[in-house]
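The block underneath contains the structure these notes are about, expressed in C-alpha cells.
A quick note: this is a predicted structure, and the numbers were derived from the prediction, not measured. Heavy-atom basis, side chains included; hydrogens, waters and symmetry copies ignored.
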There are 2 protein chains.
Amino acid sequence: MKPSGDAKPAYIAVATRRFAMDGFYGTSLSHLAKDSGVSKQALLHFFKTKEALYEATLTALAERMMQDLIACHHAEPAQWLSDYFMILCQNACADPTDLRLVMHALLDSDHNARKWPLKPYLDKLLVIIAHTNGGHKMSTAKRINWLLQMNGMINYHIISHTAMLGMYGEQVLADTFNALRSSISAQARLLE
Amino acid sequence: MKPSGDAKPAYIAVATRRFAMDGFYGTSLSHLAKDSGVSKQALLHFFKTKEALYEATLTALAERMMQDLIACHHAEPAQWLSDYFMILCQNACADPTDLRLVMHALLDSDHNARKWPLKPYLDKLLVIIAHTNGGHKMSTAKRINWLLQMNGMINYHIISHTAMLGMYGEQVLADTFNALRSSISAQARLLE
DNA sequence: ATGCTAACTTACCAATCGGTAAGTGGTCAA
DNA sequence: TTGACCACTTACCGATTGGTAAGTTAGCAT
C-alpha cells in the first residue's frame, strides 16, 4: 500500500464515536476494528496501544473544539462567546458525540494522570472571557466558575437527554431545549 | 451461616464506590469481590448477574438521594431547595462518589433501556419547585430546565475537579468552589 | 531487478471476563 | 437427629480482552 497516513483519521473518527458511546472500558479493539472494516492489528500498527488510540482521539477532539471556537470569531468578545456556546449547543443536540466524549474523559481523568488535551481550548476561552466588559474585573476563579457553569449546563442537558426523554416525553423535552437556549443567553449576558 | 441479608448492603456499598470510580464496564466482579473480601460467587449468590448488582446499586443511590432531600425539609419551598443543593454541593465536594455514579449512569442510559430509578427523586424535586413563588408560574419544561441547570452546574463542577486541579492548581480551585456556592444561591433565588 | 518500507493479515498468546456446577459448613425448626 | 436452608467456596467453563510474532502484499526509489 501507499506509505501515507490517510487511514489514521478514519480510524480516529470511528474510535471517537465508539469511545463517546461506551467509554474507554466499554470499547474493545475488536469492536473498533470491525467498525473500521480492518483487522484489530491494523489499528495496533498505527496506535501502539488502545490507550494511545484513546489519547489520539482526545487530541483530535481538542483540535476540533478549538477550531469551532475560532470559526465563529467576533470582534465583541461577549458576542463571540454567546454565539459560540449557542452553536455548540445546537451542534451537540444534533450530534452529542463530542460532548459525550468530553464527559467520559472527565470521569476517567481520576486514575490515569494523563495530560489533559483540552487545556489550550479552555485557556483560549478564559482569555476571551477576560476581554469582556463583565469578565475583565472578575478573578480567575470566577471566570473558571462562569465557564464551568456554562459547560456544565449544556453538557448535562445533552447527556441527560436520553434519560429525560424516557421520563418526560418528547414534547416537554423539546421545550426544555428552548429553555436551555435562553439560559445560555442569560449566562452570556452576565459578561456584557 | 445465618439466614440474614446483612452482607448485601455492604456489597452494595463496595460496588457503589467502584462503579462510581470506573463505571459499569470498568468494574469487574473479581475486583468487587476482592474489595469485599469474599469470592466472586458470593456476589453472584445475592445478585444473579453483574447487571443486577449494578441496578441494586443505582436503586440504593436513588433512595439515599431521596432521603437526603427529605432530611432537610423546610416549610418555605424555595429555602428547602436552596438548603438542599447547598448541602448536596458540600457533601459532593467531600465525597464525589454519588454524583460520579449519577453521571456514569446517565452516560450509560443510552443503549440499555433500563428503567431510571432516580425518577421519583426528580419528580419530588419538581413538585417542590412547583410550590415556590417563582416556580408555580413556570411551565414543566422550564422547571425541568431549572433543575437540569442546577444539577448540571454542581455535577460538572464535581467531576471536573480532578482535571481542573491538575490544570489550574489548588488555590484557584478552592476559590472556584466558593464561586459555585454563590452561583447555587443565585440559581435558587430565581424561584423566590 | 532489487531492496526498503508502509500497510496491512493470519495465527497465536496469557490473562481476565461474566457465569455455571457442585459442593461445604453452619443454623435452626421439627 | 434429621433435614431443609442459607451463605458461602473451589473448580471450572467458553468467550473475549489487549497485545506479540511472523508473515504478506504493494508502491517506490535506486
Mind checking if A/Y11 touches a base, just sugar-phosphate, or nothing, with heavy atoms under 4.0 Å?
sugar-phosphate
Just so I know, are the side chains of A/M138 and A/L191 near enough to count as touching, which here means a heavy-atom distance under 4.5 Å?
yes
Note, B/L125 side chain near B/F85 side chain (heavy atom, < 4.5 Å)
yes
Contacts satisfying salt bridge (Lys or Arg N to Asp or Glu O under 4.0 Å) that involve residues 64-78 of chain A (not counting sequence neighbours) are A/R64-A/D98
May I have all residue pairs that pass salt bridge (Lys or Arg N to Asp or Glu O under 4.0 Å) and include part of residues 127-139 of chain B, sequence neighbours excluded?
none
Heavy-atom contacts, protein to nucleotides 12-19 of chain C, under 4.0 Å, summarised as B (base), S (sugar-phosphate only) or - (none) per nt, yield -----SBB
Can you tabulate the close N/O pairs, meaning under 3.5 Å, that link protein atoms to atoms of nucleotides 22-24 of chain C?
none

Under the side chain to side chain donor-acceptor pair (under 3.5 Å) test, residues paired with A/T176 that sit two or more places apart:
none
Could you tell me if the ring centre of A/Y54 sits under 6.0 Å from that of A/F19?
yes
In chain order, what residues pass the side chain to side chain contact (heavy atoms under 4.5 Å, CB included) check against A/T97, with sequence neighbours excluded?
A/T16, A/R17, A/A20, A/D95
Is any side-chain nitrogen or oxygen of B/H45 closer than 4.0 Å to OP1 or OP2 of D/dC8?
no
Would A/N145 and B/H157 count as having a side-chain donor-acceptor pair, cut-off 3.5 Å?
yes
Length of the CZ-C1' vector between B/F47 and D/dC8, whole Å
14 Å
Could you state the atom-to-atom distance from CG of A/L43 to C1' of D/dT17 in whole Å?
14 Å
